[in-house]
Number of protein chains: 2
Amino acid sequence: MSKVVATQAGEDDPLLLDRQVCFPLYAATNLLNRLYGPVLAKLGLTYPQYLVMLVLWEHQVQSVGELGARLYLDSGTLTPLLKRMEAAGFVTRARDPADERRVLVTLTAEGKVLRERALHVPETMANGYRPDDVDSLRESVRQLVSTLAQHKTRPPATE
Amino acid sequence: MSKVVATQAGEDDPLLLDRQVCFPLYAATNLLNRLYGPVLAKLGLTYPQYLVMLVLWEHQVQSVGELGARLYLDSGTLTPLLKRMEAAGFVTRARDPADERRVLVTLTAEGKVLRERALHVPETMANGYRPDDVDSLRESVRQLVSTLAQHKTRPPATE
DNA sequence: AGCAATTAGATTGCTTGCAATTTAATTGCT
DNA sequence: AGCAATTAAATTGCAAGCAATCTAATTGCT
């Protein structure tokens, strides 16, 4: 009764960690979070908060739903996150008078000014890499996402 | 005093969301988590717990530190996660008699048996894609990680 | 042997992230 | 108009993830 299981030890075993496509993605994302963390902390932001700022710097007023569609996050994630950003003074939250179901998130003056101090972030982050590698990264990610997007059972999100 | 900020609106703006390398990675990882969630929930696992099981199915006894080195996670993440897996009956945790600082995580019989039921997971997940796309994904991720790994200021982890 | 430095995990406190549910506003249909 | 269905956020409950700190065991050095 010693070898009850232990099947599939060969390298065709689908359950080998090194055969997983998703694990490197998972690990890389955790790594990126750790790398961004200290840089963004100086601005008073976390990584997802930084993403929200990127969206708002493009369009200063956005509903929670629009932010979520852009970032693939739902209100369960965004609501508390936005409350923290409001407490930090970067945005305001207010019901849309034209449709009271919606909540409009608006950049504050402080939030707009923060953009100046954030301008160096992409370069700072890229500085760990050679310029060619950044292009290579960009291309790999583009391919990756383009392939992932073809999944037969898409998630809710925008679609 | 109306246009205090609003510089860099062009497409050379480094702060455009669509120019970010890391955002698609972040979004893709969240997506993968949502896709794996329901499949793994039937086994009583979450995605990071599944990763721990993959490692343990390869080596049935591992210290917390070894697991962390393999998965790039620290004890702050692993300790509570492993306690939940212990409560679920998949592993046991015990101090290493040879070095009482270490905690050895060991597969239980139930944890070994679970492997059978997990064998279909990789295929199930890949089923949303055409076989060629999976190869393409694998190659993109390989490139991605290989480039990321060249960052000048590596994180702690194994190294 | 004795003690400082190191190492391995655990703990604390905080922020995501998501499923499921709830609440309130709006639409649509009759 | 009246009411069911839909929609947008908020809320609840739980599991990660990580920095910082703490504790206990081991190493290393004299």
Side-chain angles (χ1 to χ4, degrees), chain A residues 23 26-42 44-52 62-69 71-88 93-105 155-158, chain B residues 23 26-42 44-52 62-69 71-88 93-105 155-158:
Chain A
F23 167 61
Y26 162 89
T29 299
N30 286 344
L31 169 58
L32 284 170
N33 247 308
R34 287 194 292 269
L35 292 175
Y36 269 93
V39 177
L40 294 176
K42 289 173 190 155
L45 294 172
T46 63
Y47 184 66
Q49 289 172 8
Y50 172 66
L51 293 179
V52 168
Q62 299 263 291
S63 71
V64 172
E66 287 165 341
L67 285 171
L71 301 175
Y72 305 96
L73 295 173
D74 66 8
S75 71
T77 299
L78 283 174
T79 296
L81 184 152
L82 291 168
K83 282 184 179 174
R84 282 186 288 272
M85 293 181 72
E86 185 177 40
R93 295 160 61 249
R95 291 281 165 183
D96 180 351
D99 183 343
E100 294 277 348
R101 287 173 304 181
R102 289 155 47 91
V103 165
L104 297 180
V105 181
T158 330
Chain B
F23 167 62
Y26 163 88
T29 299
N30 285 345
L31 169 59
L32 284 169
N33 248 307
R34 288 194 292 269
L35 292 175
Y36 269 94
V39 177
L40 293 175
K42 288 174 191 156
L45 294 171
T46 63
Y47 184 67
Q49 287 173 11
Y50 171 67
L51 294 178
V52 168
Q62 299 263 289
S63 71
V64 172
E66 286 165 342
L67 285 171
L71 300 176
Y72 305 97
L73 296 173
D74 66 9
S75 72
T77 298
L78 282 174
T79 297
L81 185 152
L82 291 169
K83 282 183 178 174
R84 283 186 288 271
M85 294 181 71
E86 185 176 41
R93 296 161 59 250
R95 291 282 166 182
D96 180 352
D99 182 344
E100 293 278 346
R101 289 174 304 183
R102 290 156 45 91
V103 165
L104 297 180
V105 180
T158 331

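A note on names: the letters A, B, ... follow the listed sequences, proteins ahead of strands, and every chain is numbered from 1.
A side-chain donor-acceptor contact under 3.5 Å links Arg95(A) to the backbone of Glu100(A).
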Check the interface with nucleotides 21-25 of chain C: list each N/O to N/O pair with the protein under 3.5 Å, or write none.
from: dA25(C); atom 1: O3'; to: Glu100(A); atom 2: N; distance (Å): 3.4

Check: protein-nucleotides 15-18 of chain C nitrogen or oxygen pairs below 3.5 Å:
from: dT16(C); atom 1: OP1; to: Thr46(A); atom 2: OG1; distance (Å): 2.4
from: dT16(C); atom 1: OP2; to: Gln49(A); atom 2: NE2; distance (Å): 2.9
from: dT16(C); atom 1: OP2; to: Arg84(A); atom 2: NE; distance (Å): 2.8
from: dT16(C); atom 1: OP2; to: Arg84(A); atom 2: NH2; distance (Å): 2.9
from: dT16(C); atom 1: O5'; to: Arg84(A); atom 2: NH2; distance (Å): 3.3
from: dG17(C); atom 1: OP1; to: Tyr26(B); atom 2: OH; distance (Å): 3.4
from: dG17(C); atom 1: OP2; to: Tyr26(B); atom 2: OH; distance (Å): 2.2
from: dC18(C); atom 1: OP1; to: Arg34(B); atom 2: NH1; distance (Å): 2.2
from: dC18(C); atom 1: OP2; to: Arg34(B); atom 2: NH1; distance (Å): 3.3

In dot-bracket form, 5' to 3', how is DNA chain C paired? Count Watson-Crick and G-U wobble pairs only if both distances fall under 3.5 Å, and write | where the partner sits on another strand. ||||||||||||||||||||||||||||||
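In this structure, CG on Leu73(B) lies 9.0 Å from CG on Leu67(B), to the nearest 0.5 angstrom. Between the OH atom of Tyr26(B) and the OH atom of Tyr36(A) there is a distance of 12.5 Å, given to the nearest 0.5 Å.
At a threshold of 4.5 Å between non-hydrogen side-chain atoms, the residues Val52(B) and Met85(B) count as touching. Annotation: side chain of Tyr72(B) is in contact with side chain of Arg34(A) (closest heavy-atom distance under 4.5 Å). Annotation: side chain of Gln49(A) is in contact with side chain of Arg84(A) (closest heavy-atom distance under 4.5 Å).
Interface remark: the Ser75(B) side chain does not form any donor-acceptor pair with the dA8(C) base, using a distance-only criterion of under 3.5 Å.
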If you look only at distance, which donor and acceptor atoms sit under 3.5 Å apart when one is on a side chain in residues 76-83 of chain A and the other is two or more places apart or in another chain?
from: Thr77(A); atom 1: OG1; to: Asp74(A); atom 2: OD1; distance (Å): 3.4
from: Thr79(A); atom 1: OG1; to: Ser75(A); atom 2: O; distance (Å): 3.0

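Between Lys83(B) and dT11(C) there is a side-chain polar atom (N or O) within less than 4.0 angstrom of OP1 or OP2.
Here the closest heavy-atom approach between residue Tyr47(B) and residue Asn33(B) is recorded as CB-OD1, 3.5 Å. Nearest heavy-atom pair across Leu45(B) and Tyr50(B) is CD1-CA, 4.1 Å.
Rounded to whole Å, the distance from CG on Leu35(B) to P on dA19(C) is 10 Å.
Here Glu86(A) pairs with Val91(A), Arg93(A) under the side-chain contact (heavy atoms from CB on, under 4.5 Å) rule; sequence neighbours left out.
Toward the 5′ end of DNA chain D lies the nearest nucleotide of Leu78(A), the other residue of the pair Leu78(A) and Pro38(A) mapping further downstream.
Running 5' to 3' along DNA chain D, contacts with non-hydrogen atoms of chain A at under 4.0 Å begin and end at dT7(D) to dA19(D).
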